[in-house]
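Just below is one structure, and these are the notes that go with it.
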Protein chains: 2
Amino acid sequence: MRRPRRTRDDLRDQLIESALVEFAAKGFDGASTRSIAERVDAHQPQINYHFASKEALWDAAVAHLFDQLLNAVGEVAPLDGADDDIEAGLAFADALRRFVRFAADHPELNRIMVHAGTEDNDRLHRMLERHVRAWYEITTTVWTRLRDAGIAAPIAPSNVYWVIVGAASLPFVNAPEVRVLTGTEPNARAWVETHADGIVATLLPGLTTARTDR
Amino acid sequence: MRRPRRTRDDLRDQLIESALVEFAAKGFDGASTRSIAERVDAHQPQINYHFASKEALWDAAVAHLFDQLLNAVGEVAPLDGADDDIEAGLAFADALRRFVRFAADHPELNRIMVHAGTEDNDRLHRMLERHVRAWYEITTTVWTRLRDAGIAAPIAPSNVYWVIVGAASLPFVNAPEVRVLTGTEPNARAWVETHADGIVATLLPGLTTARTDR
DNA sequence: GTCTATAATTAGATAGAC
DNA sequence: GTCTATCTAATTATAGAC
């Protein structure tokens, strides 16, 4: 009945995956290290041994998520360097689509972010400076350019970041709510693509026009 | 040093207000009935006496919030009856603006909703059927009409509800994040109105055009 | 009818066994 | 170096005093 002993790294990875699910579902305070451990057949004190504290586990889990995000959406920096504005707009549209797909596949990211963003504490500051600020800055920069080019919708660069994140991720963050209210499955491929299409067409109305103009 | 004894209703109201803040900040599991009680100078067991259980207190707090929302945004039903489409569009734009202002003034609503919507449990179902479904239905109905009239942006009626709620409320739900990343105060009147302007102009592009056409 | 004292459970962290 | 046994504090609910 005994499970073969795991390697250090395997156990760490499993605890991180488990932590993501629990933190996303119940928030930092609501999640218990005991449940996180038991979900992967470990004992609660093993968390303190491998991560020193609940906070440190949270930091590790968040870092893991943002690694995956960067992998999935890719560096957006090149956007700024695209030759012409339409090019930049198309690249941004692509990044938006990839972000919507990531939000559908990994609802934990935006669940954790929306939990963390409600309270002003050290955890939030660490997450923002380590992982979020770069995304915020590149978004406002590219958006300003696309606005000037008449491609982007009339949203101020200072708040477009939250419009994008909120609109793109909420149906996946609240997937159970979507299922109850619509009777449809938001994680179905078609649902996700419809959502991405709507977001892109609405936020970048000048792109559809421009593309047919060429 | 003794506080004058409160009436039954005063204490209930104070506990509900306190519960809203705590549930919004930490989620249902993370919030403790002890903190909720202590915040208004009461003892933890008084919650069980006045509300029977933590769940019942949550239900009462949520009901109170949705009462306030209805008060602030008003019945949207009349929208459907407006004579012409532009009229309906203007009324919808007005409701959107009032919703944005409410989200700024009462971030607890969307914080609690976003927490509740992540887990499929009885609490979520009670909230959806009692308070949310009506808003979802009227939104999709009006949106379908405005889409057909060429006023609304190209977002499917089945997901526009989450686009609106997500885009309109996230900067207030995550106000601490906005403060850190932008250095601005999202609750400032100007910030809120700029946000509302952006949302309305982006979601109802046909309205600006139509208005100048007349 | 209302609140205080208290019970039963579960939280995260540590100390010491292996 | 890793995990198990255990500790202290905090959780919600109840029982009984006023």
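By convention in this document, chain letters (A, B, ...) are assigned in the order of the sequence lines, proteins followed by strands, and residues within each chain are numbered from 1. When reading the values below, keep in mind they use all heavy atoms of this one structure, side chains included, and skip hydrogens, waters and symmetry mates.
- Contact check of residues 17-34 of chain B against DNA chain D (heavy atom, cut-off under 4.0 Å) returns B:Ala31, B:Ser32, B:Thr33, B:Arg34.
- Atom CG in B:Asn48 sits roughly 16 Å away from atom P in C:dA5 (whole-Å rounding).
- A perpendicular orientation is assigned to the rings of B:Trp162 and A:Trp191, their planes being inclined by more than 60° (bins at 30° and 60°).
- Between the P atom of C:dT2 and the CG atom of B:Asp10 lies a distance of 13 Å, rounded to the nearest Å.
- At distances below 3.5 Å, not a single donor-acceptor pair connects side-chain atoms of A:Lys54 with backbone N or O atoms of A:Ser32.
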Which atom pairs, donor and acceptor, lie under 3.5 Å between side-chain atoms of residues 62-73 of chain A and protein residues at least two apart or in another chain?
unit_1  : atom_1 : unit_2  : atom_2 : d
A:His64 : NE2    : A:Glu17 : OE2    : 3.3

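- Between the C1' atom of C:dT2 and the CG atom of B:Leu11 lies a distance of 10 Å, rounded to the nearest Å.
- Distance from the side chain of A:His50 is smallest to D:dC3 among D:dC3, C:dA13, D:dT12.
- Put simply, A:Tyr49 has a side-chain N or O that comes within less than 4.0 Å of OP1 or OP2 on D:dT2.
- A donor-acceptor pair under 3.5 Å is absent between the side-chain atoms of A:Arg6 and the main chain of A:Leu11, judged by distance alone.
- When atom types are taken as modelled, the side chain of B:Asn121 and the backbone of B:Leu124 share a donor-acceptor pair closer than 3.5 angstrom.
- Contact check, A:His43 against D:dT4: a side-chain N or O comes under 4.0 Å of OP1 or OP2.
- Dense packing is recorded around CG of B:Asp148, with more than 12 heavy atoms of other residues, nucleotides or ligands lying under 6.0 Å away.
- Note: CD (B:Glu38) to P (D:dA10) measures 10 Å, nearest angstrom.
- Of the two residues near DNA chain C, B:Arg8 and B:Pro45, the one whose nearest nucleotide lies more 5' is B:Arg8.
- At a threshold of 4.0 angstrom between heavy atoms, the contacts of B:Leu57 with the nucleic acid are absent.
- B:Asp41 places its CG atom 12 Å from the P atom of C:dC3, with the value rounded to the nearest Å.
- Of the charged side-chain nitrogens involved, at least one lies within less than 4.0 Å of a carboxylate oxygen, so that B:Arg189 and B:Asp105 count as a salt-bridged pair.
- For the pair A:Gln46 CD and C:dA15 C1', the computed distance is 16 Å after rounding to whole Å.
- A:Lys54 has its NZ atom 8 Å from the C1' atom of C:dA11, to the nearest Å.
- Rounded to an integer number of Å, the gap from CD of B:Gln44 to P of D:dA13 is 8 Å.
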